[in-house]
Amino acid sequence: MSTASQSSSLPTSDTLKDIFLWRRKRLSVAVLLVATAIWVLMEVYQFNFITVISWTAMFVVVALFLWANILRLLGKEPPNMSGLEIPEESAIETANCVRAWIEEGIRWVFRVSAERDWFAFAGTVSGLWLLSYVGKLFDLLTLLYIGIIMGMTVPALYIKFEEQIKRIWERVKMQCRRLYDMVDEKVVKNMKNRVVKMKEVEKEKKAE
């Protein structure tokens with residue numbers, strides 16, 4: 001088996017997108033079932049991580065052993081696993097993808113902090129506060145499981161109802177903009193005017 005054929009069979013970023021968008025339903029269902037099984041074993045039945053990994057590896061070894069022996073009994077050659085490897089191109093692509101995500105996250109943090117977009121700033125702070133509050137209620141494994149469930153439902157639902165969601169989001173942004181303009185007009189500008197008047201009064205007193 002050539003390296004090209006092996007690399008094509010390994011999961012890539014396009015494959016991951018297809019899984020999370022349910023374009024490959026069998027793989028999507030398999031990922032969902034595996035994640036659910038791991039969460040149930042570790043959270044409901046209180047198995048630890050090493051036990052789950054050991055049982056999974058034991059199941060894979062036994063299944064491959066039985067499969068190979070059944071093929072021998074049927075007079076067929078067992079599968080050749082000697083050429084199974086991770087191509088260097090796939091490893092570099094994965095590393096570059098992770099690096100791009102990290103760099104984009106860092107740029108996003110600085111962009112939200114530096115730009116004078118109060119709507120994005122308030123939304124980011126509110127989202128992080130909500131995440132910190134949710135983090136107090138669940139452990140890391142449950143949060144990861146919730147993330148997988150949301151990752152496999154929210155993007156698919158967004159693509160299906162993209163136009164409706166965009167229209168609702170624009171309405172929400174307009175309402176928030178109006179609220180911000182009203183607060184800025186009635187509160188912030190009044191405070192600025194008061195500060196300016198107080199400074200003028202202080203200057204007049206000093207001049208006297």
Side-chain angles (χ1 to χ4, degrees), residues 1-108 131 134-135 137-165:
M1 184 180 292
S2 62
T3 306
S5 61
Q6 292 174 5
S7 60
S8 61
S9 62
L10 291 173
T12 60
S13 58
D14 294 334
T15 305
L16 294 177
K17 290 179 181 178
D18 292 340
I19 291 174
F20 281 98
L21 294 177
W22 291 84
R23 294 171 183 168
R24 300 188 179 183
K25 294 185 178 180
R26 290 184 179 179
L27 289 177
S28 300
V29 171
V31 170
L32 189 61
L33 290 177
V34 169
T36 303
I38 292 175
W39 182 81
V40 169
L41 287 174
M42 297 184 67
E43 288 296 320
V44 179
Y45 293 100
Q46 297 297 318
F47 287 103
N48 58 43
F49 182 74
I50 297 178
T51 302
V52 174
I53 294 299
S54 299
W55 280 20
T56 303
M58 182 174 59
F59 174 78
V60 172
V61 170
V62 171
L64 290 176
F65 177 80
L66 294 176
W67 182 35
N69 281 277
I70 290 173
L71 290 178
R72 289 192 185 95
L73 291 175
L74 296 176
K76 298 181 179 180
E77 287 292 330
N80 185 13
M81 300 293 183
S82 61
L84 186 62
E85 62 181 8
I86 299 177
E88 184 178 357
E89 294 80 4
S90 298
I92 295 175
E93 181 182 356
T94 303
N96 289 333
C97 184
V98 173
R99 185 191 64 182
W101 288 348
I102 295 174
E103 290 177 350
E104 183 60 29
I106 295 173
R107 284 194 294 267
W108 173 72
L131 181 62
V134 172
L137 304 177
F138 305 100
D139 56 10
L140 179 60
L141 180 63
T142 303
L143 285 176
L144 291 176
Y145 179 66
I146 293 174
I148 292 175
I149 297 298
M150 292 184 64
M152 298 190 69
T153 54
V154 174
L157 291 175
Y158 177 79
I159 291 178
K160 186 176 181 179
F161 303 101
E162 184 175 1
E163 296 299 327
Q164 295 89 328
I165 293 175

S.K.: Tell me the closest heavy-atom pair linking M42 and N48, and the distance in Å.
M.R.: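 Nearest pair, atom of M42 first, then N48: CE-C, 4.1 Å.
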
S.K.: Could you grab the distance from atom OH of Y145 to atom CG of L140, nearest 0.5 Å is fine?
M.R.: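 Here the rounded value is 15.5 Å.
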
S.K.: Keeping the roles fixed (side chain from W39, backbone from L141), state whether a donor-acceptor pair exists under 3.5 Å.
M.R.: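 Answer holds: no.
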
S.K.: Run the side chain to side chain contact (heavy atoms under 4.5 Å, CB included) test on F59 and T56 for me, step by step, so that the C-alpha distance in whole Å, both residues' side-chain angles and the decisive distance to 0.1 Å come before the verdict.
M.R.: CA-CA 5 Å; F59 174 78; T56 303; 5.8 Å; no

S.K.: Any chance OH of Y158 has more than 12 other-residue heavy atoms, nucleotides or ligands included, within less than 6.0 Å?
M.R.: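 Yes.
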
S.K.: Nearest 0.5 Å, please: how far is CG in L143 from CD1 in I148?
M.R.: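 These two atoms lie 11.5 Å from each other.
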
S.K.: Should we count CZ of R107 as having more than 12 external heavy atoms under 6.0 Å?
M.R.: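 Enclosed: over 12 neighbouring heavy atoms sit under 6.0 Å from CZ of R107.
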
S.K.: Are more than 12 heavy atoms from other residues, nucleotides or ligands located less than 6.0 Å from atom CD1 of I50?
M.R.: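 Open: at most 12 neighbouring heavy atoms sit under 6.0 Å from CD1 of I50.
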
S.K.: Ignoring hydrogens, what is the shortest heavy-atom contact between D18 and S28? Give both atom names and the distance.
M.R.: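 What the structure gives for the nearest pair is O-OG, 4.1 Å.
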
S.K.: What are the two closest non-hydrogen atoms of W22 and A156, and how far apart are they?
M.R.: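 Closest approach of W22 to A156, heavy atoms only: CD1-CB, 4.1 Å.
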
S.K.: Around E88, counting heavy atoms of other residues, nucleotides and ligands shown, do more than 12 lie under 6.0 Å from its CD?
M.R.: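 Open: at most 12 neighbouring heavy atoms sit under 6.0 Å from CD of E88.
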
S.K.: Rounded to the nearest 0.5 Å, how far does CE of M152 lie from CG of L21?
M.R.: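 L21 atom CG to M152 atom CE measures 9.5 Å (nearest 0.5 Å).
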
S.K.: Determine the interplanar angle of the W55 and F47 rings, folded into 0 to 90°, and report it as parallel if under 30°, tilted if 30 to 60°, perpendicular if over 60°.
M.R.: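 Taking F47 first and then W55, their aromatic rings sit tilted (interplane angle of 30° to 60°).
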
